[in-house]
Structures are given as C-alpha cells and as structure tokens.
Amino acid sequence: MDVQRKLEILADAAKYDASCASSGTEKRDSSDGKGMGSTAPGMGICHSYAPDGRCISLLKVLLTNACNYDCLYCVNRASSNVPRARFTIDEVVKLTLDFYRRNYIEGLFLSSGIIRSPDYTMEQVVSVARKLREAHHFRGYIHLKTIPEADDALIAEAGKYADRLSINIEMPQETSLQQFAPEKDVRAIRRSMGRLRLKLDEAEEDRNAKTKAKAQRFAPAGQSTQMIVGADAASDHTILHTSANLYGAYRLRRVYYSAFSPIPDASRALPLRAPPLLREHRLYQADWLMRFYGFDVGEIVDDNAMLPLDIDPKLAWALRHRDRFPLDVNRASREELLRVPGFGTKAVERIIATRRTTTIRLSDLARLRVPRNKALPFIVLSDHRPSPHRLDEARLIERFKPKAMQLGFGF
C-alpha cells in the first residue's frame with residue numbers, strides 16, 4: 001500500500017477524536033536558523049483554535065487503525081470491517097516535515113490503535129516524536145495520545161517531546177465503559193491521568209524554582225481528555241459532573257465532548273441514531289461556564305437532567321433566577337456581571353475598565369461588543385431600566401428561542 005492510500009485511511013480514521021487542540025504551549029521558532037518549525041500562528045489542515053483566537057493547523061492521523069481492542073462504539077474496533085493500514089515511523093516523520101515545508105500545517109496530532117501491547121504501541125508513538133525533535137530539530141507543535149496501560153518511563157519520555165498529552169476517558173460512567181469497552185479499565189485510565197498530573201506538577205515546580213539548573217520539560221500544554229456523548233444513557237448532569245471531577249482531580253486543560261456517530265455493523269447495545277449535534281454544543285457552553293464563569297454543575301443543570309437545546313445554559317440559569325436581576329452594570333461585582341446573559345469574560349473586563357472613568361450608558365454597549373437583545377432585560381444602565389413586568393413575563397423565554405422555519409420539500 002502506498003503512502004497516499006495509507007494517509008487516506010488513517011486520516012479518516014482519526015477524525016472521530018475531537019481532542020485536537022494546540023493552545024497553551026511554550027513559544028518556539030526557527031528564526032535563528034536552527035531546526036524547523038514554530039508554534040506561531042498559521043493556516044492548514046486540521047483547524048483548531050487557541051484561546052486568543054489563533055487558527056492552528058495540525059496533521060491529524062493514526063499510526064495505525066488496527067487494534068487489539070473491540071470497543072463497540074469505535075469504528076476501528078477489532079471486529080470492524082474497515083480497510084486497515086499502518087504507517088512506519090519514518091513515513092509519519094516524512095509526512096509531517098513535507099506538509100510543514102508546504103505550509104499546510106504547524107504541527108502533528110498522533111494517535112494509534114493498540115497493537116501487540118500498550119508498551120509497544122506507546123514506544124512507536126514516542127519514536128515518531130523523538131525522531132522529529134532530535135533528528136530533524138522540529139520545533140512545531142506535537143500532541144500525542146497516551147496509552148493508559150503503558151509503562152511510566154514511556155509516558156515520561158512522551159512528555160519530553162510532546163507539547164500536550166491526552167488520555168481519553170471515553171465514557172462518563174464506569175458502568176458504560178465496562179459495557180461498551182470491557183478491555184479498558186477506568187481505574188487504569190485515571191491512574192495514568194494521576195501520573196501525568198504529578199509529572200506536570202513537578203515540571204511546574206522546576207520552572208518556578210529559583211535555581212540555575214534548566215527546568216525539566218514535560219508537556220507544557222498540559223493534558224486533556226475526551227468523552228463520547230449519546231452512546232449510553234448518561235444525562236448531561238452526569239457528563240458535566242464527571243468533567244468537573246476530572247478538572248479538579250487532574251487539572252486537565254480541556255475535556256472534549258464528541259457526539260456519538262453510528263458506525264457500520266454496530267452492536268445492538270448502541271443507539272440507532274446520533275444525538276443532536278446541538279447537545280454537544282450545549283455541553284461545551286456549560287463546560288465553559290464551569291471553567292471561566294464560576295458556575296457549579298448543580299447551578300447549570302439539575303440532578304439527572306438534560307440541558308435545554310433551545311436556549312444556552314447561561315440564559316437558562318438566568319431565567320430560573322430572575323430574582324437576581326435586573327443588575328446595575330455600573331455597580332455590580334465582576335462575579336455578578338459574569339452571570340448576565342450575553343456578557344462574556346472579555347466584555348466584563350471592558351465594562352469594569354470603562355466604568356472606572358465614566359458611567360456606562362446604553363450607547364456604550366455596542367462599543368463594548370455586548371449583544372444588547374440578550375442582555376437588556378437583565379441589566380440596569382444610567383439611561384435604561386427594563387419594565388418591572390418584563391422579567392416576570394412567562395413569555396420572556398420566547399424572545400430568545402430561535403424562530404420556527406418552514407421545512408423545505410427538496411424540489
């Protein structure tokens with residue numbers, strides 16, 4: 001099989017892994033004439049976005065889609081009837097360098113099916129990163145998928161070369177993982193996450209220590225994970241509770257949510273239809289509220305409940321807590337402002353900076369990039385006060401729901 005056909009198979013097989021990000025790492029470049037690549041902005045193949053809005057492009061492939069495991073939800077499972085392929089280490093290295101020279105990519109996202117053993121697979125993955133860094137002095141971004149049962153020394157070496165490491169938790173509930181992926185052990189996954197956190201903490205302590213010794217490098221962009229949404233019966237509350245636990249216990253940079261996609265020759269235990277993609281979107285919005293807006297899981301969604309699909313979770317919370325509004329924008333605290341529908345973190349910072357020197361008026365909202373239609377019922381300004389009955393209206397929610405549209409007939 002030629003490399004072009006391998007690339008078609010293994011790039012397609014990698015598309016189901018959503019945890020493809022490239023933010024938070026150290027800045028590197030080759031402007032000094034040594035090495036190749038950088039972690040500066042660019043355009044390319046697999047688009048992911050940094051927190052500051054930069055578009056990052058990564059070559060996203062599997063080393064192989066052959067796998068010893070038979071996870072029911074995975075298109076690459078051992079019993080799946082799909083074409084199989086396997087890159088050699090040199091082929092992945094050459095592809096990465098060739099794509100970079102053509103300005104298609106800035107880095108590599110590499111995962112793999114489990115072949116022979118977790119240690120063998122992890123050693124192959126690490127060898128790619130090692131050869132890129134040491135033999136070709138590649139300074140671009142590298143994200144490696146970690147094999148949970150792999151030897152600790154291999155994981156430590158992976159962190160030496162990679163910018164980010166990730167281990168997929170797969171399912172929000174242990175019982176679901178036992179049902180759909182009996183060869184995988186959630187305790188082993190969490191142990192590996194714990195080992196990664198310890199190494200990340202050690203590297204951070206080395207960087208902060210006031211010594212002349214060079215700090216140990218270990219995955220400066222941290223670790224992440226992914227959960228499949230909609231393959232089991234887990235509620236959104238269960239999913240978000242698991243995410244909150246992972247953030248607290250392992251200091252993850254991101255939890256990614258991947259909507260289950262029906263696969264050929266699927267098990268009867270799996271649903272016949274994919275969940276609505278809007279559910280995945282709402283989970284990301286709720287995840288953002290936990291990470292940047294100070295919300296707890298219990299505030300966002302009730303026990304064993306689902307997030308509403310017709311309005312975003314922050315607006316849903318505000319409508320359930322109308323007694324806290326309207327809020328005086330010129331006097332409210334930062335924490336209170338972050339809970340106003342339509343107010344993002346950057347908008348709140350701009351509001352706080354502006355009101356130090358002047359009183360914020362209705363005309364200022366556009367300049368501060370605040371969506372007025374969503375925010376106005378919940379705020380008080382020097383020249384705006386919502387009607388006393390507006391917040392109590394049972395039909396207020398209808399103002400924010402998307403308008404009904406006539407379905408097309410296809411002719």
Side-chain angles (χ1 to χ4, degrees), residues 21 23-24 41 47-56 240 247 253-254 278 280-301 307-405:
S23 59
H47 292 169
S48 58
Y49 292 88
D52 59 2
R54 291 182 298 116
C55 177
I56 310 294
L240 291 172
Y247 281 128
R253 289 292 180 91
R254 286 289 298 274
L278 193 54
E280 179 186 300
H281 179 59
R282 296 298 184 215
L283 284 167
Y284 275 116
Q285 289 178 319
D287 184 275
W288 218 255
L289 293 182
M290 292 192 301
R291 294 167 60 208
F292 300 111
Y293 290 79
F295 283 78
D296 293 326
V297 175
E299 294 180 289
I300 300 171
V301 60
L307 293 166
L309 297 181
D310 51 357
I311 57 175
D312 68 78
K314 188 178 181 183
L315 177 58
W317 176 88
L319 291 171
R320 292 197 306 269
H321 297 84
R322 303 185 197 202
D323 56 303
R324 301 195 184 191
F325 301 100
L327 203 65
D328 189 338
V329 172
N330 288 291
R331 296 186 179 184
S333 66
R334 181 180 184 277
E335 290 71 23
E336 291 173 322
L337 291 173
L338 284 172
R339 297 191 172 228
V340 175
F343 281 18
T345 53
K346 291 183 179 179
V348 168
E349 296 304 328
R350 286 193 288 264
I351 287 170
I352 292 173
T354 301
R355 72 186 190 183
R356 292 193 184 107
T357 57
T358 186
T359 300
I360 296 176
R361 303 172 65 85
L362 186 61
S363 58
D364 294 323
L365 294 186
R367 182 174 57 81
L368 296 172
R369 300 176 190 173
V370 173
R372 291 175 40 164
N373 289 341
K374 185 178 284 189
L376 286 180
F378 301 95
I379 60 174
V380 171
L381 300 166
S382 60
D383 57 347
H384 165 76
R385 182 173 292 274
S387 167
H389 304 294
R390 173 64 61 86
L391 277 173
D392 297 329
E393 275 185 339
R395 293 179 57 82
L396 178 60
I397 190 174
E398 300 299 329
R399 173 174 176 170
F400 304 107
K401 288 184 178 180
K403 294 181 179 179
M405 297 177 63

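As a basis for the values below, the full set of heavy atoms in this structure was taken, side chains included, without hydrogen atoms, waters or symmetry mates.
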Is it true that a side-chain atom of K314 and a backbone atom of L289 form a donor plus acceptor pair closer than 3.5 Å? no
Quick one: CD on E336 to CZ on F325, what's the gap to the nearest 0.5 Å? 9.0 Å
P386 versus P377, closest heavy-atom pair with distance: CG-O, 3.8 Å
Residue list, side-chain contact (heavy atoms from CB on, under 4.5 Å) with A286, at least two apart or on another chain: L240, I300, L307, P313
If you define the side chain from C-beta out and look only at heavy atoms, does anything of L309 sit under 4.5 Å from H281? no
Side chain D312, main chain L315, donor-acceptor under 3.5 Å: yes
Test R334 against E349 for salt bridge (Lys or Arg N to Asp or Glu O under 4.0 Å), laying out the working first. CA-CA 8 Å; R334 181 180 184 277; E349 296 304 328; 2.6 Å; yes
Consider side-chain contact (heavy atoms from CB on, under 4.5 Å). Of L368, L338, V329, L327, which one does F343 pass it with? V329
Rounded to the nearest 0.5 angstrom, the CG-CD1 distance for L337 and I379 is 9.5 Å
Euclidean distance, R254 CZ relative to D287 CG, rounded to 0.5 Å: 6.5 Å
Which residue pairs pass the salt bridge (charged side-chain N to carboxylate O under 4.0 Å, His left out) test with at least one member in residues 356-365, sequence neighbours excluded? R361-D383, D364-R367
Ion pair check, E299 and R339, cut-off under 4.0 Å: yes
Nearest 0.5 Å please: distance from the CG atom of N330 over to the CD1 atom of I351. 9.0 Å
So, do V340 and K374 sit near enough that their side-chain heavy atoms are less than 4.5 Å apart? no
Test your reading of the model: is there a side-chain donor-acceptor pair from R355 to the backbone of I360, 3.5 Å cut-off? no
Take atom CZ of R320 as the centre, draw a 6.0 Å sphere, and report whether it contains more than 12 heavy atoms from other residues, nucleotides or ligands. yes
Just so I know, are the side chains of I311 and L319 near enough to count as touching, which here means a heavy-atom distance under 4.5 Å? yes
I'd like to know if the side chain of H384 and the backbone of V380 have a donor-acceptor N/O pair within less than 3.5 Å. no
Parallel, tilted or perpendicular, judged at 30° and 60°: which one describes the rings of F295 and Y293? tilted
Using a 4.5 Å cut-off on heavy atoms from C-beta on, say whether the side chain of M290 contacts that of D296. no
Contact between L365 and L376 at the side-chain level, heavy atoms closer than 4.5 Å - yes or no? yes
